[in-house]
Amino acid sequence: MLRRSHTCGELREASIGQTVRLNGWVNAYRGHGTGLVFIDLRDRFGVTQVVFDGASLPPDTLNTADHLRNEDVIAVEGRVRARVGGENPKLPTGKIEIEVTALEVLNKTANPPFLPDDTASGGKLANEELRLRYRYLDLRRPSMQKALATRHKVYQVTRRYFDENGFLEIETPILYKSTPEGAREFLVPSRHVAGSWYALPQSPQLFKQILMVAGCDRYMQICRCFRDEDPRADRQAEFTQIDLEMSFVRRDDVVAMMEGFVRRLWKEMTGFDVPPIQRMSYREAMERFGIDRPDTRYALEITDISDLAAKSDVAFFKEALAKGTDRPKFNSLRGVVKAIRVPGGAEKLTRKMTDGYNEFVRGFGAGGCAVVKVNAAGEFETGIAKFLAPVKDELKAALSLQPGDTVLFVADTYAVCTKALGELRQVVARDMGVVPKPGSEGGPWNFLIVLDFPMFEKNKETGKWVAMHHPFTAPRDDQAEAFVAADVNDEVTIESIVSAGYDIVLNGQEIAGGSVRIHDPRVQSKVFTLLGLTPEQAKEKFSFLLEALQFGAPPHAGIAFGLDRLVMNFLGTSNIRDVIAFPKTQTGQDLMTGAPGPVTDEQLKDVHAKAIRPG
RNA sequence: GGGGCGGUAGCUCAAUUGGUUAGAGUACCGGACUGUCGAUCCGGUGGUUGCGGGUUCGAGUCCCGUCCGCCUCGCCA
């Protein structure tokens with residue numbers, strides 16, 4: 001075999017005159033069969049034009065070259081020369097070509113179902129189902145190669161940064177014990193212990209805390225996590241986290257370490273200098289943006305106008321406000337009226353759009369979305385305009401309204417209003433065209449650290465308290481004593497306790513989350529009590545961790561980044577499958593391998609399991 | 001589990017209100033062609049319209065069921 005002396009991406013004018021050998025795939029064929037054939041030869045590193053000239057080649061070589069087709073694998077030997085027919089500015093190698101003296105066909109291809117060409121004739125990629133079926137062909141596309149390389153670089157920067165900061169990379173088990181709260185788990189039957197099962201980890205949470213007890217001081221891992229829940233565009237059942245934990249630290253130490261990581265990562269991946277990241281409390285995020293991961297690249301903030309609404313003549317405002325004043329904060333059934341001012345919305349938001357908003361907020365349980373426009377004269381128009389007359393001036397002042405604005409109102413309980421407007425805000429932002437393009441080209445990177453989450457929230461159906469992060473999340477340092485002292489039936493106080501948890505939000509997307517962990521047994525037992533776990537039940541579920549925490553656990557805290565989402569941001573894609581080499585579909589299938597697939601009765605017998613086949 | 005969109009040649013798509021033999025580009029095969037770079041020109045092969053059923057004189061088109069893919073709600077401590 002003619003083994004390569006160079007890759008297909010590296011030859012330049014400086015190499016003119018050299019004899020070289022290239023290996024690669026035929027990316028394009030342009031033939032003048034009787035005497036001249038051009039082949040664009042491709043590998044992971046680039047494309048180089050090679051020329052077969054009938055004037056200087058044996059006829060059979062020219063004939064073989066004339067029958068080369070896309071995706072054939074070949075080796076050529078030849079001389080580098082300046083392009084005779086003019087440069088191709090589209091290629092980095094576009095100033096040179098290889099005048100072939102020898103050709104070896106390493107492997108002819110079957111006719112491929114589609115070509116791995118980002119700029120395919122017709123301009124469109126084959127549909128994703130087909131691309132997943134033939135993943136190895138799709139991965140040959142330069143943009144997919146770039147995605148793999150980008151992901152690789154994220155691994156390298158990550159390992160370097162944490163190594164420099166004294167972290168040990170430690171692997172934790174994939175075959176793990178089921179801990180049934182949280183996400184649904186994938187299960188693996190045990191052969192040795194009949195009737196017992198492993199679970200695949202949702203995250204290495206408990207192990208990394210144990211590693212702190214074990215004196216590892218600082219741990220990191222780029223680890224696979226498994227959650228058997230329905231996927232989304234940015235979510236797969238099998239995904240990758242950058243997982244860490246630190247000893248002898250408090251909240252701000254971890255947050256600072258994370259901020260340093262983000263700054264390093266963005267600098268190395270994009271050249272962007274991340275400015276100091278703003279902090280925002282959960283409460284403020286919910287009040288101003290209606291969501292715990294606000295996209296702060298645009299305004300469109302939410303304003304509570306309950307007081308003014310009470311003085312208006314809008315019947316459904318008053319109905320909503322009458323819904324109760326029972327509890328003052330999160331998850332509240334208190335009736336409120338909230339509004340979003342949309343600058344310039346009067347012109348841009350069509351009736352069809354605003355009708356759509358009405359439907360949209362109903363999906364979150366709201367009765368509807370009222371729309372009022374501010375005309376050139378500064379007067380309210382459409383919908384409920386005349387019923388707002390009594391508070392017209394106050395409302396204009398409260399929302400800083402200008403001619404040409406549209407105002408969107410939702411009236412319902414605090415919880416429903418907040419959720420509905422928080423989601424609606426994002427739709428309106430897209431409709432108004434105020435969302436900058438994400439990705440490394442053009443759009444700003446807008447980071448936010450969200451702090452002071454409530455420790456607990458009420459489950460809507462059961463009415464029971466659930467941990468907002470997880471049961472080992474500590475209260476904020478200044479809240480611990482109040483928490484220990486609090487009456488478990490005092491809902492207002494319990495709800496007001498904030499945790500030492502933190503999320504990092506990028507352009508409205510949660511890219512990392514973590515917390516200081518509980519190392520005080522009094523606090524831990526109070527948490528279990530609130531969650532409705534008896535000491536026996538808690539021990540049953542988390543025995544090894546609780547036991548470990550008794551033997552000199554250092555104060556510790558950690559965080560995990562969603563690696564897939566980081567890579568998505570660097571590539572500017574909203575499709576998580578673009579950043580995973582072998583992703584799964586919405587039903588968790590791998591279209592290339594056919595997983596999941598059947599197993600034999602013998603295999604099942606070995607693991608003491610029996611399949612229930614639908615039928 | 002719910003909602004939405006989609007499935008027609010290897011691929012990307014078209015096909016009028018239900019109407020004759022389901023078309024185009026591309027790929028592939030054959031031919032022509034010595035400076036192309038989405039090469040060009042000529043010719044050809046290629047179809048269980050995802051699958052099953054129904055309505056109809058007649059179904060790619062309408063109806064029911066089902067499978068697959070994508071988006072989304074629930075879910076994801």
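Heavy-atom basis, side chains included; hydrogens, waters and symmetry copies ignored.
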Legend entry - Trace of the side-chain hydrogen bond (donor to acceptor under 3.5 Å, both in side chains) decision for A:T172 with A:Q221: CA-CA 8 Å; A:T172 53; A:Q221 182 180 196; 3.0 Å; yes

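- Taking atom CZ on A:R362 and atom P on B:G3, their separation rounds to 19 Å, with Å as the unit.
- Of the P atoms belonging to B:C42 and B:A27, the separation is 14 Å, rounded to the nearest Å.
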Check nucleotides 5-11 of chain B against the protein and report each pair of N or O atoms closer than 3.5 Å, with its distance, or say if there are none.
unit_1, atom_1, unit_2, atom_2, d
B:G10, O2', A:P113, O, 3.2
B:C11, O4', A:P113, O, 3.2

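- For the pair A:F472 and A:F38, both in contact range of RNA chain B, the more 5′-proximal nearest nucleotide belongs to A:F38.
- Residue A:V84 is classed as a base contact, given a heavy-atom separation below 4.0 Å to a base.
- Between A:E536 and A:K539 no salt bridge is recorded (no basic side-chain N to carboxylate O distance below 4.0 Å).
- Applying the salt bridge (Lys or Arg N to Asp or Glu O under 4.0 Å) definition to pairs two or more places apart or across chains, those involving residues 198-212 of chain A are A:K208-A:D243, A:K208-A:E245.
- In this entry B:G43 has B:C29 as its Watson-Crick or G-U wobble partner, both defining distances falling under 3.5 Å.
- Atom C1' of nucleotide B:C33 and atom CG of A:D53 are separated by 14 Å, given to the nearest angstrom.
- Looking at A:K419 and A:E423, a side-chain N of the basic residue comes within less than 4.0 Å of a carboxylate O on the acidic one, giving a salt bridge.
- Remark: the separation of the P atoms in B:G1 and B:U40 is 50 Å, to the nearest Å.
- Pairing of B:C70, defined by two Watson-Crick or G-U wobble distances under 3.5 Å, is identified with B:G4.
- Residue A:E97 is classed as a base contact, given a heavy-atom separation below 4.0 Å to a base.
- Checking A:R283 against A:S281 by side-chain atom types alone, no donor-acceptor pair falls below 3.5 Å.
- Taking atom NE2 of residue A:H32 and atom P of nucleotide B:C41, one finds them 13 Å apart after rounding to whole Å.
- Considering only heavy atoms from C-beta on, A:I96 stays 4.5 Å or farther from A:S15 through its side chain.
- Rounded to the nearest Å, the gap between the P atom of B:G44 and that of B:U26 is 15 Å.
- Applying the 4.0 Å criterion to OP1 and OP2 of B:U36, one finds that A:R30 has every side-chain N and O outside that range.
- At the heavy-atom level, A:T587 lies under 4.0 Å from the strands shown only through sugar-phosphate atoms.
- The distance from atom CG of A:D578 to atom P of B:C70 is 12 Å, rounded to the nearest whole Å.
- Counting non-hydrogen atoms under 4.0 angstrom, A:Q589 reaches the backbone sugars and phosphates but no base.
- Checked by atom type, the side-chain pair A:Y357/A:D431 shows a donor-acceptor distance below 3.5 Å.
- The nearest whole Å value for the distance from the CG atom in A:N63 to the P atom in B:G30 is 10 Å.
- Separation of the P atoms belonging to B:C13 and B:G19 is 24 Å when rounded to the nearest angstrom.
- When each of A:V80, A:T48, A:I98 is tested with A:T93 by the rule side-chain contact (heavy atoms from CB on, under 4.5 Å), just one qualifies, namely A:T48.
- In this structure, B:G23 forms a base pair with B:C13, meeting either the Watson-Crick or the G-U wobble geometry with both donor-acceptor distances under 3.5 Å.
- Atom C1' of B:A32 sits at a distance of 42 Å from the matching atom of B:G6, rounded to the whole Å.
- Checked options A:R224, A:R565, A:R227; the residue passing with A:F239 is A:R227 (criterion: side-chain contact (heavy atoms from CB on, under 4.5 Å)).
- Distance CG (A:N88) to P (B:G38): 7 Å, rounded to an integer number of Å.
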Inset, instruction - For each nucleotide in nucleotides 71-76 of chain B, reading 5' to 3', give B when a protein heavy atom comes within less than 4.0 Å of its base, S when such contact involves only the sugar-phosphate, and - otherwise. - result: BBBBBB

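- Across the interface with RNA chain B, nearest-nucleotide mapping of A:D66 and A:K90 shows A:D66 to be the residue nearer the 5′ end.
- Note on A:D72 versus A:K108: salt bridge recorded, some NZ/NE/NH1/NH2 to OD/OE distance being below 4.0 Å.
- Going from atom CZ of A:R81 over to atom P of B:U36 covers 13 Å, rounded to whole Å.
- A salt bridge links A:E71 and A:R42; the closest N-O separation between the charged side-chain nitrogens and carboxylate oxygens is under 4.0 Å.
- To the nearest whole angstrom, the two C1' atoms, one in B:G18 and one in B:U49, are 15 Å apart.
- Nucleotides B:C28 and B:C73 are separated by 45 Å at their C1' atoms, to the nearest Å.
- As a whole-Å value, the separation of A:Y29 OH from B:G35 P is 14 Å.
- Contacts of A:G94 with the nucleic acid, taken as non-hydrogen atoms under 4.0 Å apart, are absent.
- Annotation: B:U56 and B:C63 have their P atoms spaced 16 Å apart (nearest Å).
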